[in-house]
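It should be emphasised that the depicted structure is a prediction, and the values quoted were computed from it without experimental measurement. Reckoned from all heavy atoms, side chains included, excluding hydrogens, waters and symmetry mates.
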There are 2 protein chains.
Amino acid sequence: MANPLQNRFHADDIAQAEHYLATEPPAEIDPRVERLVNELIGRIADKWTLLVLELLEEKGTLRFTAIGRQVDGISQKMLTQTLRQMERDGLLTRTVHPVVPPRVDYALTPLGNSLSAAFCGVWMWAERHLDTVEAARASFDARD
Amino acid sequence: MANPLQNRFHADDIAQAEHYLATEPPAEIDPRVERLVNELIGRIADKWTLLVLELLEEKGTLRFTAIGRQVDGISQKMLTQTLRQMERDGLLTRTVHPVVPPRVDYALTPLGNSLSAAFCGVWMWAERHLDTVEAARASFDARD
DNA sequence: CGGAATCCTTGAAGATACTG
DNA sequence: CAGTATCTTCAAGGATTCCG
């Protein structure tokens with residue numbers, strides 16, 4: 001779950017983006033595209049998908065059991081389901097080796113890698129504002 | 001649900017990030033921070049939170065009922081819950097006006113705005129690769 | 001109007017057992 | 001080893017009602 005990109009961006013990238021948000025009026029967007037984008041974000045943002053994505057991005061090719069061991073708390077069922085969905089979406093490849101015992105390798109596609117990169121901004125935000133969020137929560141809880 | 005930033009970034013930002021991902025070894029990360037980051041991402045990536053975030057970023061200050069009308073499919077219960085969580089995390093402010101009938105205004109904080117900006121990369125990815133993902137799904141479904 | 005409280009349904013996910 | 005199949009639980013979330 002490392003974030004190798006975090007030192008490669010200028011620290012105020014987000015502040016700059018925020019500036020644009022404040023000064024530019026929002027553009028209109030096709031409702032059909034909007035619905036599909038929402039669906040994709042929902043899928044992608046799902047807990048296990050994100051974890052598997054980051055693991056494979058970090059470790060490269062892994063077999064089924066290896067992924068299960070390194071994504072803590074995931075059940076065999078959810079692992080299978082998550083991997084199938086990701087394969088279906090073109091995020092990873094599933095390679096079955098015709099040997100006994102069976103051996104199945106999983107690796108991200110370029111599309112999967114690009115998605116991992118796309119989440120970089122969110123990772124940076126979370127790491128940068130961790131303390132701020134925790135302070136806000138403590139303050140909120142303190143006043144009932 | 002517009003994405004005002006999409007035309008402000010160079011088109012190959014993601015490709016560049018992808019390059020770094022491929023060439024740089026991952027850095028180690030504090031497990032405690034990792035757990036908290038995961039929790040934040042889970043919360044943030046939740047369906048309603050993202051929708052409310054984008055709506056408020058686009059429209060500015062809105063009252064309770066206005067948000068409910070514009071986030072299609074959200075129930076009163078989930079709206080209340082989502083707004084409370086976001087307020088607790090410091091993403092938005094809740095302003096109660098002492099009038100009858102009551103009037104409550106919601107608006108993003110700077111922290112909330114920065115989070116919206118952080119998700120820009122994911123939006124861009126989803127919009128850029130929408131067709132690729134749909135094609136991958138069709139291909140996957142075609143071969144059983 | 002902006003909620004809180006209650007009940008209730010459904011589907012997601014865990015546990016377990018079995019198999020090519 | 002890498003799954004599939006089945007059962008069961010449990011909590012997220014919808015519907016409804018009531019209230020300051």
Tell me the interatomic distance from A/L83, atom CG, to D/dC1, atom C1', rounded to whole angstroms.
14 Å

Taken to the nearest whole Å, OH/B/Y106 to P/C/dC1 is 15 Å

Could you measure the distance from the CG atom of A/L111 to the CH2 atom of B/W125? Nearest 0.5 Å is fine.
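These two atoms lie 4.5 Å from each other.
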
Distance, nearest 0.5 Å, that separates CD of A/E54 from CH2 of A/W123:
5.5 Å

Can you list the residues that meet the side-chain contact (heavy atoms from CB on, under 4.5 Å) rule with A/Q70, with sequence neighbours excluded?
A/L55, A/K59, A/L62, A/A66

Parallel under 30°, tilted from 30 to 60°, perpendicular over 60°: which one fits the rings of B/F64 and B/Y106?
tilted

Distance-only criterion, 3.5 Å: show the donor-acceptor pairs between side-chain atoms of residues 81-88 of chain B and protein atoms not counting sequence neighbours.
unit_1: B/T82; atom_1: OG1; unit_2: B/M78; atom_2: O; d: 2.7
unit_1: B/R88; atom_1: NE; unit_2: A/D141; atom_2: OD1; d: 2.8
unit_1: B/R88; atom_1: NE; unit_2: A/D141; atom_2: OD2; d: 3.4
unit_1: B/R88; atom_1: NH2; unit_2: A/D141; atom_2: OD2; d: 2.7

Generate the contact string for nucleotides 11-20 of chain C. Rules: B means base contact, S means sugar-phosphate contact only, - means no protein heavy atom under 4.0 Å.
--BBB-B--B

I'd like to know if the side chain of A/S139 reaches the main chain of A/A135, judged simply by a donor and an acceptor atom lying under 3.5 Å from each other, with no hydrogens or angles considered.
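Between the backbone of A/A135 and the side chain of A/S139 there is no qualifying donor-acceptor contact (under 3.5 Å).
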
Side-chain N,O ([X]) to OP1/OP2 ([N]) below 4.0 Å:
X: A/R63; N: D/dA2; value: yes
X: A/R94; N: D/dA2; value: no
X: A/R84; N: D/dT4; value: yes

Considering only D/dG3, C/dG3, D/dC1, which nucleotide approaches the side chain of A/V104 most closely?
D/dG3

